[in-house]
2 protein chains.
Amino acid sequence: MFHRPKPPRTAAPFPRRRQLQRSTIRCMPVTMKDIARDLGVSVVTISKVLRNHDDISEETRKRVLARVKELNYRPNLAARGLVTGHTYLIGLVVPDLLHPFFAEVAKSLSRVLLKKGYYLIISSSEEDEELEAREIDQLLGRSLDALVIASSCLTRDILRGIEEHGTPYVLIDRRFAGTPANYVGVDDEAVGVLATEHLIEMGCRRIAHLRGPENSPGVERLKGYRDTMAKHNLPILPNYVSEQRTVDVQSRESGAESMRQLLALKPRPDGVFCYNDPMAMGAINSILESGLKVPEDIAVIGSGNIHYAPLLRVPLSSIDQHTEEIGERAARLALALVEAKTPPRPKSIVLQPSLVVRASSSKTRIKPRTQEK
Amino acid sequence: MFHRPKPPRTAAPFPRRRQLQRSTIRCMPVTMKDIARDLGVSVVTISKVLRNHDDISEETRKRVLARVKELNYRPNLAARGLVTGHTYLIGLVVPDLLHPFFAEVAKSLSRVLLKKGYYLIISSSEEDEELEAREIDQLLGRSLDALVIASSCLTRDILRGIEEHGTPYVLIDRRFAGTPANYVGVDDEAVGVLATEHLIEMGCRRIAHLRGPENSPGVERLKGYRDTMAKHNLPILPNYVSEQRTVDVQSRESGAESMRQLLALKPRPDGVFCYNDPMAMGAINSILESGLKVPEDIAVIGSGNIHYAPLLRVPLSSIDQHTEEIGERAARLALALVEAKTPPRPKSIVLQPSLVVRASSSKTRIKPRTQEK
DNA sequence: CGTGTTAACGTTAACGATAACTTTAAAGCC
DNA sequence: GGCTTTAAAGTTATCGTTAACGTTAACACG
C-alpha cells in the first residue's frame, strides 16, 4: 500500500505530465482526478456530484457515485479547507486529559460540535508552557475554524498571537483579566463562597484553604473563601492558606504535601477547602495517614465534582462546576463565532456552581442539601 | 480581525489579480505571499529561508526572518502537507477519554511523538460504532502520517477502508484475529491467569468473572480465567460468567448491575475477577450495598490499574497493563511505519501484565507481592 | 430566423505551500 | 578574453480541491 506507482485506472491512460517526485515515497490515496480519468469527465464534475450541485445529470451522478464507492474515495479535507477557507475543525487545548474535568469538557464539546458537522481535535499541553505554545502553533497552522482553550499556562503573548492570526477563540475555565475575550466558566468566587459557607454550616471554625496557582481560577476562589470567612467574623489563621510553590499544581501529590504542612500547625484546622478534587484527595490521604479522621477531625471539600468523587475512600464533597454545561456553552459560542459574518462582541458566560455534600464534610448531623446516589 | 480585506503590505502594491471570493468572509492569516511582496522577493525565497535551504544569502535570510517574526507568520501546515505528502500528524482514536486507560495511553503516545516532531490529534468515539466510522473518515481525510486505534467497536470493513486508503496504522489494546496488523497490547490471557491465580491464592474457591464485550480483549481474559480455574480443578458454577448485554460496557453501572445478578446466585461467589477497573468499582458498590464486605465476603480484582485505584473506598487490586509502555511502544511503532520506505511486515508487541494487590483482594494474611504506597 | 434560455458540462485560476529546474550575475581559471 | 563554476535568486508545475465563469447543444418563442 506504500509505494504504489499510481496505476492507470482507465483503459487508455492519458500520458501523465511530469510527475512531482515526492520526498517520502508513500501511499497514494484515490483522488478525484482518478475517478474523473476513469469516467472520462472532468474533476469539476466529480466535485459537483460530491457537493450535490444541481448541475449534473442523473446518469452522470450515478456513475460517479458508483465509482466513488467502489474505490472507497475520501475527499482530502485539507485541500478542501484550503480553497473554501472553512475546515469544520475546532481545536481544544487542555492542560491535562487525565484530569476528569477536562476530559468531561472535551466530551460535551465534541458531542455538540459533531451534531453540527464540526469535528473536535484535542491537544494536551501537560501543564507545560512551552509545549502549549507549540501546540497552539500547530493548531493555528492547521487553520481551524475556531479554538477552545482551557489552559493553565496561557501567556498574554500567545493570546495576542492567536488574535493576530485571526482564528476566533473561546477561553474556558480560566479567564484573562483585562483582555475582553469570549469566555465560559463557573463563577469562581461563588465556588469559594459556597464551599466555605458549607464548612461553616457544618460547624467548622478554623477553616484552611489549599489554593490553586496564581494565574488560575484559584485566585477568585480564594477571594470567595476570604470574603466568606470575614463575613462570618472567622479569622484566617497564619499559614492557613497554602502557598502554591509546587510545579504540579493540579495533582494529588501537591495536595498531600500542602496538607501535611497544615497538619503541623497549631491550632490545627478543622475544615479544609481545596482548590480542586485531586488536591482534596491528596489532602484526605495526608489526614488519614496522620491518624486523624475525615470528616470528624477535619472536614474536606473540593471542587470540580469529578465523576469518581462518590467512590473514594472517603466520598468527597465537592462544588459542582457544571462541566458538561461548560462544554456545551463553549461549543455553541465557538459555533456562533465561526458562523458570524463580523466578529461579535466578546461574550462572557458565567455559570453558578452548586454544592454536592458527601461524607468528607458531613460533620454534623445536618441533612445534606443535595442528595447523591 | 475577521473581514480584513487584505491590505497592501508594501508601498507599491502589485495589482492583485482577480481575487477569489470566499464563501464565508473570514480572517486572513499572513501568508508567504505577503512577506514576499513586502520584501520584493519571490515566495520561493521565503520558503527556502523557512526550510533552512542553503541557497539564501545571509542578508536576505535576516530580512525574511525579521519580517516573519514581525508579522507573526505561521506556515499553513495543511498546504505544506499537500505538497510534501507528509503532515507530521498522527491520529489516535479511543473509545472514551474519560476512561483513564485511554487518557494515559494518549499521554505517553503524545510525549514520544512530540519529541520526534510529530503531533498527536485525539479523537474519541464515545463507544459509538457509527461515530467512530465518521471520525476515522475525518482523520483519513486529513491525510495523517499514521493512525493509532484503540477501538472497542472497530469493524473489519472500516479496517479494510484504512488499509485501502494507505495510511499506516497501529492497533492497541484490541487486536483483530485473522488479520495480521501492527499491534501493541498486553497479554490478555495472562491478565486472566494472573487475576484468577491471585484470587485462588487468597483462598477464593467460587470465583466469578464479569466479562468484557465479545469483540474485546475480554475474550482472552475470559480464556485465561477459564483455563486457570480448570488447572486448579475449580468448577465455574452456572451463571458465574456474567453475560455482557449492556451497551455501556466499560462502565461502572454495567459492573454494578452484573454484580447484583451474581449476588442473587446460590452459592454466592467469594471472589470476582472483573474485566476492567470501572466494572470492578461498580461491582464493589453493589457488594457493599447488599451489606456484604470486600474483601472478607467477596474479594474483587480488576484490570487496568487506573491511577485512582488506591484511593477508592476499598482500594482496588488490579492487573497492571503497563499503559504507559503501551503508548510508548505504539508511538515508536507508528514512527517506524511512517519512516519506512516500504511497508514492513506487521509487528505484534505483547507486554506481560503484572499484579498489584490492594485491599479489595487481601483476604488472607498473605503478604502482597507488590507493594503500593 | 435570430435571439434567449436552460441543462450539463468544461476551463481556468486560485488556496498556500514545496520540488525541481532555470536564470542571472559575479567570480575563478587558464 | 572566453570559458566554467558558483551563489543567490526566480520560474514553473504541482499537491487535491473548489469558485467563478465559459461553452456547447438543444430547445422554445415571437
Side-chain angles (χ1 to χ4, degrees), chain A residues 6 16-37 39-61 63-64 68 73-88 140-143, chain B residues 6 16-37 39-64 68 73-88 140-143 165:
Chain A
K6 185 155 289 201
R16 287 203 111 192
R17 304 215 263 168
R18 184 162 48 130
Q19 183 76 354
L20 204 86
Q21 186 65 16
R22 298 207 146 174
S23 59
T24 327
I25 297 169
R26 298 207 52 72
C27 56
M28 274 189 165
V30 181
T31 71
M32 297 204 314
K33 212 185 282 182
D34 297 314
I35 299 177
R37 195 152 18 89
L39 267 48
V41 296
S42 80
V43 279
V44 178
T45 305
I46 314 294
S47 174
K48 282 176 178 168
V49 170
L50 293 175
R51 280 173 298 135
N52 281 317
H53 219 276
D54 56 2
D55 232 20
I56 302 294
S57 72
E58 199 46 47
E59 198 215 318
T60 312
R61 175 188 303 291
R63 287 200 320 154
V64 170
V68 159
Y73 165 80
R74 279 183 180 83
N76 183 323
L77 301 176
R80 174 182 290 171
L82 205 53
V83 181
T84 61
H86 204 52
T87 56
Y88 289 94
L140 292 180
R142 305 276 164 200
S143 49
Chain B
K6 186 157 290 202
R16 286 203 110 192
R17 302 217 264 169
R18 184 164 49 131
Q19 184 74 353
L20 204 86
Q21 186 65 16
R22 296 206 148 176
S23 58
T24 328
I25 298 169
R26 297 206 50 71
C27 56
M28 272 190 167
V30 182
T31 72
M32 297 206 312
K33 212 185 281 181
D34 297 314
I35 300 177
R37 196 153 15 89
L39 267 48
V41 297
S42 79
V43 280
V44 178
T45 306
I46 315 294
S47 174
K48 283 176 178 168
V49 170
L50 292 174
R51 280 174 299 135
N52 281 317
H53 221 275
D54 58 2
D55 233 19
I56 303 292
S57 70
E58 199 47 45
E59 199 214 315
T60 313
R61 175 189 304 289
K62 270 186 195 150
R63 288 200 319 155
V64 170
V68 159
Y73 165 79
R74 280 182 177 83
N76 183 322
L77 301 175
R80 175 183 287 171
L82 206 53
V83 181
T84 62
H86 205 49
T87 56
Y88 289 93
L140 292 180
R142 306 276 163 198
S143 49
H165 187 269

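In what follows, chains are A, B, ... by sequence order, proteins preceding strands, each numbered from 1. Source: prediction; values computed, not measured.
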Options [options], nucleotide nearest the side-chain atoms of [X]:
{"X": "Val83(B)", "options": "dT18(D), dG16(C), dG16(D)", "value": "dG16(C)"}
{"X": "Thr31(A)", "options": "dC9(C), dA17(C), dG16(D)", "value": "dG16(D)"}
{"X": "Ser47(A)", "options": "dT18(D), dA9(D), dG16(D)", "value": "dT18(D)"}
{"X": "Asp55(A)", "options": "dA8(C), dG16(C), dA9(D)", "value": "dA8(C)"}
{"X": "Lys48(B)", "options": "dT17(D), dA9(D), dA20(D)", "value": "dA9(D)"}
{"X": "Val44(A)", "options": "dA17(C), dT17(D), dT12(C)", "value": "dT12(C)"}
{"X": "Ser57(A)", "options": "dC9(C), dA17(C), dG16(D)", "value": "dC9(C)"}

Would you tell me if any nitrogen or oxygen in the side chain of [X] comes within less than 4.0 Å of OP1 or OP2 on [N]?
{"X": "Thr45(B)", "N": "dA8(D)", "result": "no"}
{"X": "Arg74(A)", "N": "dG16(D)", "result": "no"}
{"X": "Thr84(A)", "N": "dA19(D)", "result": "no"}
{"X": "Lys33(B)", "N": "dC15(C)", "result": "yes"}

Side chains of [X] and [Y] in contact at under 4.5 Å (non-hydrogen atoms):
{"X": "Val68(B)", "Y": "Ile35(B)", "answer": "yes"}
{"X": "Lys48(B)", "Y": "Val44(B)", "answer": "yes"}
{"X": "Tyr73(A)", "Y": "Leu50(A)", "answer": "yes"}
{"X": "Met32(B)", "Y": "Val64(B)", "answer": "no"}
{"X": "Asn76(B)", "Y": "Leu82(A)", "answer": "yes"}

Separation of atom [atom1] in [X] from atom [atom2] in [N], rounded to whole Å:
{"X": "Asp34(A)", "N": "dG16(D)", "atom1": "CG", "atom2": "P", "value": "8 Å"}
{"X": "Leu82(B)", "N": "dA13(D)", "atom1": "CG", "atom2": "P", "value": "18 Å"}
{"X": "Asn52(B)", "N": "dT18(C)", "atom1": "CG", "atom2": "P", "value": "12 Å"}
{"X": "Ile56(B)", "N": "dA7(D)", "atom1": "CD1", "atom2": "P", "value": "13 Å"}
{"X": "Ile35(A)", "N": "dC9(C)", "atom1": "CD1", "atom2": "P", "value": "16 Å"}
{"X": "Leu39(B)", "N": "dA8(D)", "atom1": "CG", "atom2": "C1'", "value": "15 Å"}
{"X": "Leu77(B)", "N": "dT18(C)", "atom1": "CG", "atom2": "C1'", "value": "13 Å"}
{"X": "Arg61(A)", "N": "dA8(C)", "atom1": "CZ", "atom2": "C1'", "value": "11 Å"}

Quick one: does any side-chain atom of [X] pair with a main-chain N or O of [Y] as donor and acceptor, under 3.5 Å?
{"X": "Arg63(A)", "Y": "Leu39(A)", "value": "yes"}
{"X": "Ser47(B)", "Y": "Val43(B)", "value": "no"}
{"X": "Thr87(B)", "Y": "Ser143(B)", "value": "yes"}

(message) Using a heavy-atom cut-off of 4.0 Å across all strands, would you classify Ser143(A) as base, sugar-phosphate, or nothing?
(response) nothing
(message) What's Val43(B) touching, base or sugar-phosphate or nothing? Going by heavy atoms closer than 4.0 Å.
(response) nothing
(request) Enter the inter-axis angle for the ends of the helix from dC1(C)-dG30(D) to dC30(C)-dG1(D) (five pairs per end, rounded to 10°). (result) 60°
